[in-house]
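Have a look at the structure below, then the notes.
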Number of protein chains: 2
Amino acid sequence: MDQFKNIRIKDVAELAGVSVATVDRVLHKRGKISEKAMTKVMEALEKTGYKPNLIASTLGSNKVFKIAAMLPNPALDDYWNQSGSGIFKATEEWAQYNVRIEPFYFNLYDKKSFQQVSQKVIDFKPDSVLLAPVHYHEALDFFAELKKLEIPYVIFNTNIQEADPLCFIGQDLYQSGRVGAEMLATKLGKKGNILVLHIYEETENAIHVKEKERGFRDYFANNNLNDFTIESFEFPDFNDAVFIRELQQILSKQQVDGIFVPTSKWTHLTALVLDKTGQKDIALVGYDLLKDNIHYMYEGIINFLIHQNPRKQAVKGIGYLVNYLLFKKQPPLSDLFPLEIITRENIKSYIHSDLN
Amino acid sequence: MDQFKNIRIKDVAELAGVSVATVDRVLHKRGKISEKAMTKVMEALEKTGYKPNLIASTLGSNKVFKIAAMLPNPALDDYWNQSGSGIFKATEEWAQYNVRIEPFYFNLYDKKSFQQVSQKVIDFKPDSVLLAPVHYHEALDFFAELKKLEIPYVIFNTNIQEADPLCFIGQDLYQSGRVGAEMLATKLGKKGNILVLHIYEETENAIHVKEKERGFRDYFANNNLNDFTIESFEFPDFNDAVFIRELQQILSKQQVDGIFVPTSKWTHLTALVLDKTGQKDIALVGYDLLKDNIHYMYEGIINFLIHQNPRKQAVKGIGYLVNYLLFKKQPPLSDLFPLEIITRENIKSYIHSDLN
DNA sequence: GTTCAAAATGTTTGCGCACACAAAGATATA
DNA sequence: TATATCTTTGTGTGCGCAAACATTTTGAAC
């Protein structure tokens with residue numbers, strides 16, 4: 001058999017001695033088929049090694065797939081802004097195909113908003129959904145609804161054990177904390193006093209923080225780095241001014257050699273304080289390539305950033321969904337991104353390549 | 001205008017008051033067109049915002065594109081083995097499209113082999129070529145030939161100024177050296193004696209090494225790290241045994257605190273020596289996620305690896321070519337990959353995610 | 001054997017585009 | 001003015017598949 005000649009449905013049909021429609025019925029398990037025809041077709045499929053031409057398939061079906069992308073409002077937060085730009089990039093990337101990607105934004109700090117927007121998503125009647133499930137209980141309800149409607153979904157950024165999605169895209173948070181610890185330990189050498197800075201959160205983000213801190217502490221424990229002290233501070237709320245004032249107080253009272261900030265936003269606020277008080281010698285490890293973080297890294301105040309790559313998470317999430325819908329390609333159950341270490345010398349290479 | 005109804009060539013044609021063939025001629029710049037028709041069509045294209053349906057386009061053209069991927073034999077070298085696996089992945093990825101990807105392997109150390117294989121590539125009559133041009137002069141001849149035949153090509157791994165390719169994929173070598181220096185300096189603290197280990201090479205790889213070393217030294221100079229000493233050793237040839245023996249000698253004679261090895265293969269040979277002599281306290285910075293390097297990183301002998309991501313370079317190279325051939329999408333002139341820093345704590349996250 | 005509905009199978013069209021082919025229009029030549 | 005030649009424009013078919021639509025076969029009831 002000529003391996004370079006594609007086998008079409010027509011070829012299979014001829015070999016099986018039936019019409020193309022019968023083969024089509026077998027392939028798509030639709031309509032009724034006699035046992036005799038079924039076996040004949042199956043044999044022909046086997047013998048020819050038929051592979052559907054997915055290009056022709058999508059063209060022929062002429063269906064427009066609708067994908068809903070649901071995430072926190074990018075306008076209100078630089079981290080989610082990057083996710084948003086990923087959605088936008090994916091939209092462009094798949095524009096040529098029969099795919100329509102619709103963004104749905106909710107308020108990060110408002111569970112009600114999450115519920116309302118998820119209802120809007122349902123009303124949109126999407127063929128599949130990409131979702132950042134930052135509100136645990138509300139997300140579970142939403143998942144249940146999606147399952148009932150048999151709408152497949154991919155989640156990113158935040159994992160939820162019971163979610164049972166097509167795929168989860170994100171990072172290993174525990175290990176991420178360990179990487180942060182490793183960097184800080186490398187920078188500080190043999191000993192030092194370390195601060196871990198939290199903000200109290202109600203969202204699933206709290207789990208991010210906890211897991212990262214667990215990994216962070218475990219690193220020191222597992223490597224018998226007993227000459228380090230690690231102290232955690234949890235700030236009560238999201239008020240920038242309060243955070244800045246209290247952190248200044250803490251830093252004025254005690255000797256601090258290094259700081260680990262497990263979230264992106266508070267990373268640059270911490271840097272701002274260090275900049276203000278002129279304590280540039282304190283090693284700072286934080287998260288993500290946000291505009292402000294980039295600035296403070298150039299300034300030499302932030303020493304290491306761990307890149308969660310929100311943009312790429314979004315792009316890949318949409319990619320998995322499109323491939324699933326159009327090309328029946330099953331994504332991996334989970335896609336854990338590499339824990340990228342950003343420094344002053346490699347940050348530019350990341351910023352540039354992020355555009356591709 | 002209904003934004004959800006796709007605009008087809010037919011629609012554009014009707015609006016412009018011409019036939020679909022005329023629009024087709026404008027779109028593909030083929031055949032002759034009167035100025036009047038041209039402007040009418042252009043206007044109609046503008047007004048409708050016509051976007052070609054690439055699915056239909058590839059189906060309609062029904063042409064099989066042949067891409068030749070020319071690189072050093074993956075069986076002989078673990079680094080190039082990863083490039084090879086990238087080619088393989090790309091082959092699978094694009095199998096559904098009308099693309100045939102054919103690998104062509106040459107001997108890394110044999111210019112004659114490069115010439116012979118490049119002739120084979122020409123005979124294959126590819127529609128485009130992906131190439132790792134490790135032999136300078138031979139590559140130039142090959143580029144000239146490809147240009148004459150109007151075969152577009154993308155180069156990766158090694159850049160050649162005069163190459164004039166569709167796109168170069170690789171890394172900023174100078175900056176890469178700076179990152180290595182940064183890591184070593186962070187690890188060592190304020191002072192130390194550093195070795196840079198080279199092997200004399202005839203291929204374009206020599207440029208890799210030189211640029212990396214330049215960046216490496218510049219980092220120390222620019223940051224006034226004057227308490228470090230940096231000494232380079234160039235080993236005469238590719239003999240493993242000689243390398244090991246001589247390195248042992250050097251290490252027994254002088255106090256060494258850190259070593260920078262700008263190439264992947266000699267990274268793990270250096271690690272082998274350090275392992276053998278029990279000098280685990282010497283900081284070692286090298287290149288790439290090769291099997292042996294991974295091993296020595298787990299062992300704690302290699303401290304940092306800079307990941308050049310040969311696999312992804314190959315995948316992306318093919319991707320650019322396919323997009324260019326099938327979808328007329330122009331790749332960027334150069335795609336410089338991020339300078340990824342690998343450590344003991346994040347290495348697993350890289351190995352896992354490399355599979356996706 | 002008819003009749004009739006359900007079951008099984010077959011035929012055809014359209015998806016949007018590329019491209020071969022056909023036709024018409026413009027210009028030059030005799 | 002007729003004819004040849006080149007230029008410009010238009011028509012039709014096929015790519016492989018999905019799905020609507022059309023036809024034949026089967027078998028049960030009379």
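In what follows, chains carry the letters A, B, and so on, assigned in the order in which the sequence lines appear, proteins first and then strands, with residues in each chain numbered from 1.
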- Query: When the distance from CG of A:Leu27 to P of D:dC17 is rounded to whole Å, what number comes out?
  - Reply: 9 Å
- Note on the structure: Residues A:Ile33 and A:Arg25: closest non-hydrogen pair is CD1-CB, 3.7 Å
- Query: How long is the line joining NZ of B:Lys32 and P of D:dT8, in whole Å?
  - Reply: 6 Å
- Task: Could you check how far NZ of B:Lys63 sits from C1' of D:dG16, rounded to whole Å?
- Result: 19 Å
- Encode nucleotides 21-26 of chain D as B, S and - characters from 5' to 3', where the letter depends on protein heavy atoms closer than 4.0 Å: B to the base, S only to sugar-phosphate, - to neither. ------
- Query: So, is B:Tyr50 close to the C:dC17 phosphate, meaning a side-chain N or O under 4.0 Å from OP1 or OP2?
  - Reply: yes
- Is A:Arg8 salt-bridged to A:Asp11, cutoff N-O under 4.0 Å? yes
- Query: Between atom OG of A:Ser334 and atom CG of A:Asn159, what is the distance when rounded to the nearest 0.5 Å?
  - Reply: 7.5 Å
- Task: Name every residue in residues 15-23 of chain A that has at least one heavy atom under 4.0 Å from any atom of DNA chain C, in order of residue number, or write none if there are no such residues.
- Result: A:Val18, A:Ser19, A:Val20, A:Ala21, A:Thr22
- Message: Using whole Å, what does the distance between atom C1' of nucleotide C:dG10 and atom CD1 of A:Ile9 come to?
- Response: 14 Å
- Message: Using a 4.0 Å cut-off on heavy atoms, which residues in residues 33-46 of chain A reach DNA chain C? List them by number, or say none.
- Response: A:Ile33, A:Ser34, A:Ala37
- Query: Which part of the nucleic acid, if any, lies within contact of B:Leu59, taking any heavy atom under 4.0 Å across all strands shown: a base, the sugar-phosphate backbone alone, or nothing?
  - Reply: base
When the side chains of residues 59-72 of chain A are checked against the rest of the protein, which donor-acceptor pairs come out under 3.5 Å, sequence neighbours left out?
unit_1, atom_1, unit_2, atom_2, d
A:Ser61, OG, A:Thr58, O, 3.3
A:Lys63, NZ, A:Asp127, OD1, 3.2
A:Lys66, NZ, A:Phe124, O, 2.7

- Closest contact, heavy atoms only, A:Val129 versus A:Pro126: CG2-CG, 3.7 Å
- In short, salt bridge (charged side-chain N to carboxylate O under 4.0 Å, His left out) pairs touching residues 143-158 of chain A with sequence neighbours left out are A:Glu145-A:Lys148, A:Lys147-A:Asp164
- Rounding to a whole Å, what distance do you find between B:Lys10:NZ and D:dG12:P? 12 Å
- Query: What residues, two or more places apart in sequence or in another chain, satisfy side-chain contact (heavy atoms from CB on, under 4.5 Å) together with B:Pro331?
  - Reply: B:Leu166, B:Cys167, B:Tyr320, B:Tyr324
- Message: Just the rounded figure in Å: distance from C1' of C:dA20 to CZ of B:Arg30.
- Response: 11 Å
- Presence of A:Arg8 side-chain N/O under 4.0 Å of D:dC17 phosphate oxygens OP1/OP2: no
